[in-house]
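Atoms within a ligand are numbered from 1 in the order they appear, just like the ligands themselves. Just so you know, these numbers use all the heavy atoms, side chains as well, and skip hydrogens, waters and symmetry mates.
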Amino acid sequence: MADFDLAVIGGGINGAGIARDAAGRGLRVLLVEQNDLASGTSSASSKLIHGGLRYLEHYEFRLVRTALAEREVLLRAAPHLIQPLRFVLPINPAGRSALLLRLGLLLYDWLGRRRILPGTRELDLSTDPAGHPLRDIFHQAYEYSDCFADDARLVVVNAMDAAEHGASIRTRTRCARAERSDVWRLILNARGHRDAVTARVLINAAGAWVESVAETVLRQPPARPHLRLDKGSHIVVRRLYEHDRAYILQAADRRVVFAIPFQRDFTLIGTTDAGFTGDPGAVAPTGDEIVYLCGVMNEYFRFAVSPADVVWAFAGVRSLYDDGAGKPQDIGREYTLALDERFGEAPLLTVYGGKITTYRRLAEDALDRLAHFFPRSERWTAQHPLPGGDFAYDGLDALVEQTLRRWPFLGDGHALRLTRAYGTRVEAVLKDASGIDDLGQRFGADLTAAEVRYLMEREWARTAEDVLWRRSKLGLRFSAAQRDQLEDFMSAANR
Ligand SMILES: Cc1cc2nc3c(=O)[nH]c(=O)nc-3n(C[C@H](O)[C@H](O)[C@H](O)COP(=O)(O)OP(=O)(O)OC[C@H]3O[C@@H](n4cnc5c(N)ncnc54)[C@H](O)[C@@H]3O)c2cc1C
């Protein structure tokens with residue numbers, strides 16, 4: 001008998017989502033991730049759980065409808081990590097007409113099957129606070145709903161739920177080779193330590209690496225390459241305006257750029273969109289991209305944003321299933337699942353494309369495609385909260401208050417950050433601490449040893465970078481010396 005029913009290569013949102021769904025159906029699941037969970041594209045997105053207003057221009061109605069419906073499903077499953085967000089879309093006389101935008105938003109609202117999120121309204125920018133930071137050539141805007149998520153933590157809670165349903169999650173473990181017979185035999189390399197396991201079915205969910213894994217690990221390259229890689233960069237600057245809404249800005253090249261309130265004191269701005277070749281692991285924002293994003297902001301805002309204001313920048317690589325279209329922004333954002341079944345040989349399912357927003361549906365579809373290999377099982381993830389998310393979708397404020405009542409020594413900001421990150425699992429981080437000193441060493445900002453230990457024991461964190469940039473965004477508030485101190489603490493604990 002094989003060691004596992006299902007092995008998944010790739011610990012991004014798609015691999016973690018599939019592992020969770022499969023483990024919850026009683027399958028014996030292995031997930032391998034060569035670095036940290038969400039170390040690929042899944043921590044470098046715009047972090048929107050959205051239908052994608054601009055995909056309507058490309059007639060991707062099915063994708064938009066599926067994605068819009070997922071907003072409220074995911075909001076209910078992870079109300080700590082996902083919050084509704086209103087987007088202000090200023091009418092720009094040099095951009096799309098007000099009528100076209102109004103029609104697009106009517107369609108967006110109509111396709112969205114909303115129960116929780118409010119619909120579109122019109123804003124008079126001369127009176128609404130959303131107009132204050134904008135140049136006075138903008139008089140009118142529309143405001144509509146989508147959601148904002150902590151993308152990297154969403155991956156982690158999916159992996160946690162998979163593990164709590166019995167899955168084996170191995171991070172810093174590369175699938176170096178996969179040999180196919182009636183079962184898959186995987187050679188795993190965990191930082192020099194080699195191991196072999198067998199699985200009945202293999203899923204290649206390696207995102208931007210999917211074709212290089214097919215070629216070099218599975219040695220089964222597709223007949224023709226399907227993948228188009230497309231790079232997108234973001235910048236983070238100090239908070240630019242007071243209110244809590246985001247902007248969606250039409251750039252002169254007809255792309256859209258978002259400006260989103262981020263981590264209380266910052267604004268996240270992105271993204272760019274350009275074809276990419278090379279190693280997805282080495283992708284980084286260029287000076288030109290940073291100048292471009294600042295330029296779009298300066299077309300709209302009264303104050304100037306310059307590259308000198310950038311406190312953090314990151315880039316990621318979208319993997320898009322190439323349907324032969326020309327420009328990157330014209331390639332479909334829908335995912336494609338390719339099942340390779342051969343008589344007498346174990347099956348292989350390859351995942352192309354996909355969005356954070358649609359990962360749960362992708363996982364359901366993946367398991368449907370494999371249904372004939374496993375005992376009958378039902379779809380289940382739409383009704384079940386993710387770890388820490390077992391409270392009402394609008395109950396975050398109440399949960400923060402509960403956190404403050406139980407651990408009154410926490411400041412408001414600390415309680416809010418911990419509750420947003422861990423939801424009802426905040427209990428497992430703070431345990432029975434009765435004063436801040438019970439949480440141990442303080443490394444910088446409000447990060448304590450108790451939280452770091454929790455992240456190492458329960459969330460597979462191994463390095464300071466895992467903690468500061470993926471389990472949290474405290475990297476924005478840490479000095480190099482504080483980071484080194486955290487690294488030393490974690491290295492000692494890893495030994
Ligand atoms: C700039 C940008 C903005 C975006 N914005 C949004 C947005 O706002 N909303 C939205 O819904 N989507 C957005 N997306 C899309 C979304 O981020 C991606 O579709 C999604 O993160 C892809 O997840 P994945 O699991 O397929 O890939 P990844 O997250 O890249 O995961 C693949 C993993 O496989 C691992 N791996 C590779 N080879 C091996 C091996 N041999 N062994 C073990 N592990 C291996 C890698 O290390 C990697 O972690 C955006 C994407 C980009 C680039």
Side-chain angles (χ1 to χ4, degrees), residues 7-19 30-52 54-55 63 66-67 70-71 74 82 85 146-149 151-152 154-155 158-159 170-178 186-190 202-218 227 229-234 246 256-258 260 268 270-274 276 279-281 283 285 289 314-321 328 333-335 350-363 366 470:
V8 182
I9 302 177
I13 192 68
N14 288 324
I18 292 169
L30 168 70
L31 173 83
V32 289
E33 164 52 51
Q34 63 186 354
N35 297 312
D36 182 27
L37 292 168
S39 55
T41 310
S42 296
S43 56
S45 79
S46 302
K47 310 175 200 313
L48 302 181
I49 302 295
H50 65 155
R54 81 195 160 92
Y55 305 148
L63 168 69
T66 309
E70 273 307 277
R71 295 180 307 187
L74 295 179
I82 300 176
L85 184 60
D146 265 324
C147 291
F148 188 72
D151 51 2
L154 197 59
V155 176
N158 272 279
R170 297 202 201 165
T171 62
R172 280 148 174 126
T173 302
R174 199 167 78 82
C175 182
R177 193 65 218 279
L186 309 183
I187 311 296
L188 306 179
N189 186 340
L202 181 63
I203 299 191
N204 178 359
W209 291 262
V210 77
E211 279 181 348
S212 71
V213 165
E215 219 163 287
T216 60
V217 177
L218 313 180
L227 210 58
L229 299 183
D230 171 25
K231 177 188 173 192
S233 295
H234 290 84
V256 295
V257 168
F258 296 102
I260 304 170
L268 171 67
T271 174
T272 55
D273 207 334
F276 177 80
D279 174 9
V283 63
E289 288 174 307
F314 60 90
V317 179
R318 299 180 187 87
S319 57
L320 306 172
Y321 189 77
R333 255 48 171 188
E334 285 211 62
Y335 54 80
T350 304
V351 176
Y352 293 101
K355 296 177 56 63
I356 301 275
T357 309
T358 50
Y359 85 91
R360 196 198 59 81
R361 287 293 302 269
L362 182 152
R470 287 182 288 274

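- Among residues two or more places apart in sequence or in another chain, the side-chain hydrogen bond (donor to acceptor under 3.5 Å, both in side chains) test is passed with Arg170 by Asp195.
- The protein residues lying under 4.0 angstrom from ligand 1, judged by non-hydrogen atoms, are Ile9, Gly10, Gly11, Gly12, Ile13, Asn14, Val32, Glu33, Gln34, Ser39, Gly40, Thr41, Ser42, Ala44, Ser45, Ser46, Lys47, Leu48, His50, Thr173, Arg174, Cys175, Ala205, Ala206, Gly207, Trp209, Val213, Gly232, His234, Thr271, Gly316, Val317, Arg318, Gly354, Lys355, Ile356, Thr357.
- Every residue two or more places apart in sequence or in another chain that forms a side chain to side chain contact (heavy atoms under 4.5 Å, CB included) with Ser46 is listed here: Leu48, His234, Thr271.
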Starting from the C-alpha separation in whole Å, work towards a yes-or-no answer on side-chain hydrogen bond (donor to acceptor under 3.5 Å, both in side chains) for Asn158 and Tyr359.
CA-CA 10 Å; Asn158 272 279; Tyr359 85 91; 3.1 Å; yes
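- Applying the side chain to side chain contact (heavy atoms under 4.5 Å, CB included) rule to Ser45 yields the partners Lys47, Asp151, Ile356; only residues at least two apart in sequence or on another chain are considered.
- Closest non-hydrogen pair, Gly207 versus Leu227, comes out as O-CD2, 4.1 Å.
- Of the possible polar contacts, one joining the Ser43 side chain to the Ala38 backbone as a donor-acceptor pair under 3.5 Å is found.
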